[in-house]
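Here is the structure we will look at.
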Amino acid sequence: MQVVCTIFGPSFMTAAFFIIFVRIIRIIGPEYSRLSPKIYTCLFVGTDVTALLIQSIGGAMAATSNTPSGSATGAHVMVGGIILQMVAITVYALTSVEYFWRVYRERPLRARQAPTNESAISMATRSGSPYSGGIEKTGTHGLENLTGHVRTMVMGLVIATVLVYIRSIYRTAELLDGWGGPIITNQTMFDLLDGVPVFLAMVTLNVFHPGRLIPEGGPASGMMA
């Protein structure tokens, strides 16, 4: 049960990564993104939930099995969930790199859209956004929306993502090695490659807190693609 719970925990953290990235897209500009923020949310969070369910099934199989082969099968199912989660994080990282490359190179994939609801228009006007009264101003770049707070949030997100990715690689190797293997029975390795990365990722998200740096009620509210 201890192993199962330590495997499940970071799944909720990766879901937070995906949601934060989507919020950053809405702030800087969805026109640089291949998919809309809504589709990104459904795709990444949906994959993360699926990975969590697979890990849950594998954990239940391993915990209830009375034979070594049954426990091994449960471990392999859990590995499948972790690998799916790693694939989701990898795709999210690659799409993030492409997104920010497009922002810095000013290569949008579609025309920029102005906010449609009154609160978003009013807030965008007060904040000096490229939108004024719902009318798009020409010559506006995504970099203009990449404020100091957004840059700081991106840096924190990168740090936390790398830490959780390191932990996922370790967990995959650990379970593939078996319940009685040298990796899972090495407490020092567990502390350094699982406990420390997850702890530092949590600290990072608290220091670079999205509620402070990119609050939901900010000028990007309502600017969904």
Side-chain angles (χ1 to χ4, degrees), residues 1-23 35 37-96 156-211:
M1 183 58 68
Q2 178 183 0
V3 174
V4 172
C5 290
T6 55
I7 288 176
F8 289 172
S11 298
F12 302 99
M13 193 178 300
T14 54
F17 296 164
F18 303 150
I19 294 172
I20 292 171
F21 175 55
V22 167
R23 189 178 296 183
L35 302 177
K38 288 183 179 179
I39 293 178
Y40 269 131
T41 301
C42 295
L43 178 64
F44 287 133
V45 176
T47 303
D48 194 62
V49 171
T50 302
L52 179 61
L53 291 175
I54 294 174
Q55 292 175 62
S56 301
I57 293 172
M61 292 173 61
T64 58
S65 176
N66 296 321
T67 62
S69 60
S71 296
T73 301
H76 290 155
V77 173
M78 293 174 71
V79 169
I82 295 176
I83 291 176
L84 178 60
Q85 189 177 68
M86 287 181 61
V87 170
I89 296 175
T90 302
V91 174
Y92 138 76
L94 293 176
T95 55
S96 300
L157 191 59
V158 169
I159 295 172
T161 300
V162 170
L163 289 167
V164 171
Y165 200 80
I166 291 172
R167 171 262 176 197
S168 297
I169 294 174
Y170 161 73
R171 276 301 195 180
T172 301
E174 176 194 51
L175 291 178
L176 286 176
D177 193 44
W179 295 111
I183 298 179
I184 200 171
T185 55
N186 190 317
Q187 183 65 41
T188 301
M189 189 176 293
F190 170 79
D191 293 338
L192 293 178
L193 297 177
D194 190 296
V196 171
V198 172
F199 172 74
L200 291 178
M202 290 190 296
V203 171
T204 300
L205 288 184
N206 278 275
V207 174
F208 301 90
H209 200 289

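If you're wondering where the values come from, they're calculated on a predicted model, not measured in any experiment.
The CG atom of Leu193 lies 11.5 Å from the CG atom of Leu163; values are rounded to the nearest 0.5 Å. With values rounded to the nearest 0.5 angstrom, Asp48 atom CG is found 3.0 Å from Thr14 atom OG1. Taking CD1 from Ile89 and CE from Met86, the interatomic distance works out to 7.5 Å, rounded to the nearest 0.5 Å. The line from CD1 of Ile169 to CD1 of Ile82 is 12.0 Å long, rounded to the nearest 0.5 Å. Here Leu175 contributes atom CG and Met78 contributes atom CE; the two are 5.5 Å apart, rounded to the nearest 0.5 Å. With rounding to the nearest 0.5 angstrom, the CD1 atom of Ile57 is 10.0 Å from the CG atom of Leu52.
Across all non-hydrogen atoms, the minimal contact from Leu192 to Pro197 is O-CD, 3.2 Å. Counting all heavy atoms, side chain and backbone alike, Asn206 lies closest to Met202 at ND2-O, 2.7 Å. Residue Ala62 comes nearest to Ala75 through the heavy atom pair CB-N, 4.4 Å, listed as atom of the first residue, atom of the second, then distance. Nearest approach of Ser65 to Gly70, heavy atoms of both residues: OG-CA, 3.1 Å. When all heavy atoms of Thr47 and Leu43 are compared, the pair lying nearest together is OG1-O, 2.7 Å. Nearest heavy atoms, Ser11 versus Gln85: OG-NE2, 2.9 Å.
The ring pair (Phe, Tyr, Trp, His ring centres under 6.0 Å) analysis of residues 42-62, with sequence neighbours excluded, yields the pairs Phe18-Phe44, Tyr40-Phe44. Within the structure, no pair that satisfies the ring pair (Phe, Tyr, Trp, His ring centres under 6.0 Å) test touches residues 57-80, not counting sequence neighbours. For residues 178-196, the salt bridge (Lys or Arg N to Asp or Glu O under 4.0 Å) pairs, not counting sequence neighbours, are Arg167-Asp194, Arg171-Asp194.
Scored by the side chain to side chain contact (heavy atoms under 4.5 Å, CB included) test, Thr50 finds Ile54, Leu84 as partners (sequence neighbours excluded). Scored by the side chain to side chain donor-acceptor pair (under 3.5 Å) test, Thr161 finds Tyr92 as partners (sequence neighbours excluded). Taking Leu53 as the reference, Val49 meet the side chain to side chain contact (heavy atoms under 4.5 Å, CB included) condition, with sequence neighbours excluded.
A heavy-atom distance below 4.5 Å is found between the side chains of Met13 and Val198. Put simply, the side chain of Leu157 does not reach to within 4.5 Å of the side chain of Phe208, judged on heavy atoms.
At distances below 3.5 Å, at least one donor-acceptor pair connects side-chain atoms of Gln55 with backbone N or O atoms of Ala51.
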>> Run the side chain to side chain contact (heavy atoms under 4.5 Å, CB included) test on Phe17 and Val164 for me, step by step, so that the C-alpha distance in whole Å, both residues' side-chain angles and the decisive distance to 0.1 Å come before the verdict.
In response: CA-CA 10 Å; Phe17 296 164; Val164 171; 3.7 Å; yes
> Given Ile20 and Leu205, is the side chain to side chain contact (heavy atoms under 4.5 Å, CB included) satisfied, shown in steps?
Replying inline: CA-CA 10 Å; Ile20 292 171; Leu205 288 184; 4.2 Å; yes
